[in-house]
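All heavy atoms count here, side chains included; hydrogens, waters and symmetry mates do not. None of the values given here were measured: they were computed from a predicted structure.
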Amino acid sequence: MRLTLSVIKADVGSIGGHTKPSSRMMATVDREVGKAIANGLLIDGFVCHTGDDIAIIMTHTWGEGDVEVHQFAWKTFLAATSIAKTSGLYGAGQDLLVDAPSGNVRGAGPAVAELSFDHSLSSPRPAESFMVFAADKCGPGAYNLPLYLAFADPMYCAGLMLPPMIKGFRFHVIDMDHTAGDSVIELDAPADSYHIAALLRDNERFGIDRIVSRTHNEVVAAVSAQRLHSIAGKYTGKDDPVAIVRNQGIFPAPEEIVSPFAKAHFVGGDARGSHVMPLMPVPLNTAVTGMYCLPIVSCTGFSIDKDGRFSESFTDFFDNPAWDEVRRLAQRKAIEMRSQGWSGAAMLPYSELEYGGFRDTVSSLLERFQVREERRPEAAE
């Protein structure tokens, strides 16, 4: 069968500030997913949250961008929004930026990552395993560095030197400032590695859209790369990307994919989406309640049986004592960066400040600037 993996994630309300969705919201989404499985729209589904974002992870055979699958997710988020509103929760419906999208929900607010592949015992991958990364309180390019290191740097992925991966991977990089349509360039690693790095260094403009095996022409990774403020025209919350990454066999192993996250690398995000802070790996269903509203990322692993259903359980990759040291590193980096407050590199530059209030403050001050009249030197007596 031609199987599609779809991950659609949105912030539609949270308790006590931007912390986590309520148990009633999660139960409602889970119930709607169960109905979609029962009526044949989905083969399987899984519901989780990272911070205040609810993610629906789905398998089906309808292909990427399918209207019915996307409309199901949208209506499910609307049901959760209704509960958030009646409960007085913060940010009810925050990521639903249009009234009613007529087609798929890409560009309507929710983060969307999808990929498709032939799923059978005779395929290059008879045992299919994959990971879902879900981030909160950070920008759309949060995965640029770790995915580059996992798929283009043998210092992090020794598997790149093996025959199934020696030809490297093709990076589809999207220009997120181009809102009239998807503007994408395809670059090959290792040949174009420096060109890829030149683009991916700018997390706020360029992002990985997908990664393809050059050996097998199989899509290995898909990332939601969009900027909510470019859609809404104002700050509505940080972009909080999701990513689907297939692993093992002809692709990097899980440990090679997650190891770059041990850097707790700096990304744009944090409170009001306006600071530069480290990305902290956290267990699934972690609330945002720590100091500084740190950007966080979770990673969930699944296997898929011959019918396209998830295995009986899942793996929570960052729920391991090995990551406790990384979390401490992230906190130390965060304390040091935030000790600089509003100055310099501690906050995003003016051109990238996504919270409209900051721009309004500066704009009102710019109107008060005056060109100083040039002082002429006094004539000598």
For the pair Ser364 (side chain) and Thr361 (backbone), establish whether a donor and an acceptor sit closer than 3.5 Å, ignoring hydrogens and angles. yes

Under 3.5 Å, is there a donor-acceptor pair between the side chain of Thr315 and the main chain of Phe317? no

Heavy-atom donor-acceptor pair, Asn285 side chain to His49 backbone, under 3.5 Å: yes

Here the gap from Cys138 atom SG to Met277 atom CE, rounded to the nearest 0.5 Å, amounts to 12.0 Å

In terms of hydrophobic clustering (I, L, V, M, F, W, Y; side-chain heavy atoms under 4.5 Å; direct or indirect links), are Ile335 and Met337 co-clustered? yes

Around atom CZ of Arg106, are there more than 12 heavy atoms from other residues, nucleotides or ligands closer than 6.0 Å? no

Whether Asp319 side chain and Pro283 backbone form a donor-acceptor pair below 3.5 Å: no

Between Asp307 (side chain only) and Arg309 (backbone N and O only), is there a donor and an acceptor less than 3.5 Å apart? no

Do the non-hydrogen side-chain atoms of Leu147 and Val223 ever get within less than 4.5 Å of each other? yes

Distance in Å, Arg214 CZ paired with Phe171 CZ, rounded so as to fall on 0.5 Å steps: 11.5 Å

Give the minimum heavy-atom separation between Pro278 and Ala264, together with the two atoms involved. CB-O, 3.2 Å

Any side-chain heavy-atom pair of Lys137 and Ile296 under 4.5 Å: no

Any chance NE2 of His265 has more than 12 other-residue heavy atoms, nucleotides or ligands included, within less than 6.0 Å? yes

Might you work through the side chain to side chain contact (heavy atoms under 4.5 Å, CB included) test for Thr61 and Ile43, ending with a clear yes or no? CA-CA 8 Å; Thr61 58; Ile43 297 174; 3.8 Å; yes

Answer yes if Ile211 and Val112 sit in the same cluster of Ile, Leu, Val, Met, Phe, Trp and Tyr residues linked by side chain heavy atoms under 4.5 Å apart, and no otherwise. no

Are Val105 and Leu96 connected in the hydrophobic side-chain network, where two residues link if heavy atoms are under 4.5 Å apart? yes

Is the centre of the Phe251 ring less than 6.0 Å from the centre of the Phe151 ring? no

Would you mind reporting whether Met176 and Pro140 have side-chain heavy atoms less than 4.5 Å apart? yes

Where do Asp95 and Lys9 land on the salt bridge (Lys or Arg N to Asp or Glu O under 4.0 Å) test, with the steps shown first? CA-CA 9 Å; Asp95 283 355; Lys9 178 171 75 73; over 6 Å; no

Any non-hydrogen side-chain atom of Val326 less than 4.5 Å from a side-chain atom of Met280? no

Membership question, hydrophobic clusters at under 4.5 Å side-chain separation (ILVMFWY): are Val219 and Ile174 in the same one? no

Gap separating the CZ atom of Arg327 from the OG1 atom of Thr286, nearest 0.5 angstrom: 7.5 Å

Under a 4.0 Å threshold between the charged nitrogen and the carboxylate oxygen, would Lys75 count as salt-bridged to Glu32? no

Using modelled atom types only, decide if a donor and an acceptor are shared between the side chain of Ser363 and the backbone of Asp360 within a distance under 3.5 Å. no

Under 3.5 Å side-chain donor-acceptor pair for Ser303 and Ser311: no

Step-by-step side chain to side chain contact (heavy atoms under 4.5 Å, CB included) determination, Val267 to Val276: CA-CA 6 Å; Val267 298; Val276 177; over 6 Å; no

Is any side-chain heavy atom of Leu5 closer than 4.5 Å to one of Thr59? yes

Under 3.5 Å, is there a donor-acceptor pair linking the side chains of Ser129 and Asn247? yes

Within this structure, what is the CD1-CZ distance for the pair Ile304 and Phe302, rounded to the nearest 0.5 Å? 9.5 Å

Is there a side-chain contact between Lys263 and Leu279, using heavy atoms and a 4.5 Å cut-off? no

Scan residues 149-176 for pairs that pass salt bridge (Lys or Arg N to Asp or Glu O under 4.0 Å), counting only residues two or more places apart or in two chains. Arg170-Asp188, Asp175-Arg205

Give me the ring orientation class for Tyr143 and Phe133: parallel if the planes are under 30° apart, tilted from 30 to 60°, perpendicular past 60°. tilted

Val184 and Val173: side chain to side chain contact (heavy atoms under 4.5 Å, CB included), yes or no, with the steps? CA-CA 6 Å; Val184 178; Val173 179; 5.9 Å; no

Are the side chain of Trp62 and the backbone N or O of Leu41 linked by a donor-acceptor pair below 3.5 Å? yes

For Asp324, does the CG atom have more than 12 heavy-atom neighbours from other residues, nucleotides or ligands under 6.0 Å away? yes

SB check Glu128 Lys306 (cutoff 4.0 Å): no

So, do Phe310 and Phe46 have ring centers that fall under 6.0 Å from each other? no

Apply salt bridge (Lys or Arg N to Asp or Glu O under 4.0 Å) to Lys333 and Glu336, showing your working. CA-CA 5 Å; Lys333 293 175 71 171; Glu336 184 62 29; over 6 Å; no

What distance do Thr300 atom OG1 and Leu284 atom CG have between them, rounded to the nearest 0.5 Å? 4.0 Å

State whether the side chain of His119 and the backbone N or O of Asp305 hold a donor-acceptor pair below 3.5 Å, judged by distance alone. yes

Reference residue Ser6; test side chain to side chain donor-acceptor pair (under 3.5 Å); the match among Glu114, Glu64, His70: Glu114

Flag if over 12 foreign heavy atoms under 6.0 Å of CD, Glu325: yes

For the residue pair Asp52 and Tyr90, establish whether any side-chain heavy-atom pair is separated by less than 4.5 Å. no

Verify, without hydrogens or angle tests, whether Thr215 (side chain) and Met165 (backbone) share a donor-acceptor contact under 3.5 angstrom. no

Is Lys35 salt-bridged to Asp30, going by a charged N under 4.0 Å from an acidic O? no

Just so I know, are the side chains of Gln94 and Val12 near enough to count as touching, which here means a heavy-atom distance under 4.5 Å? no

Is Ile244 reachable from Ile57 through a run of I, L, V, M, F, W or Y residues, each pair having side-chain heavy atoms under 4.5 Å apart? yes

Side chain Thr86, main chain Ser82, donor-acceptor under 3.5 Å: yes

Can you tell me how far apart OG1 (Thr76) and CD1 (Ile56) are? Round to the nearest 0.5 Å. 5.0 Å

Side chain to side chain contact (heavy atoms under 4.5 Å, CB included) between Leu187 and Phe169, worked out: CA-CA 9 Å; Leu187 297 169; Phe169 292 87; over 6 Å; no

Please say whether the positively charged group of Arg2, taken as NZ for Lys or CZ for Arg, lies over the ring of Phe117, i.e. under 6.0 angstrom from the six-membered ring centre and within 45 degrees of the axis. no

Shortest non-hydrogen contact from Gly13 to Ala84? CA-CB, 4.0 Å

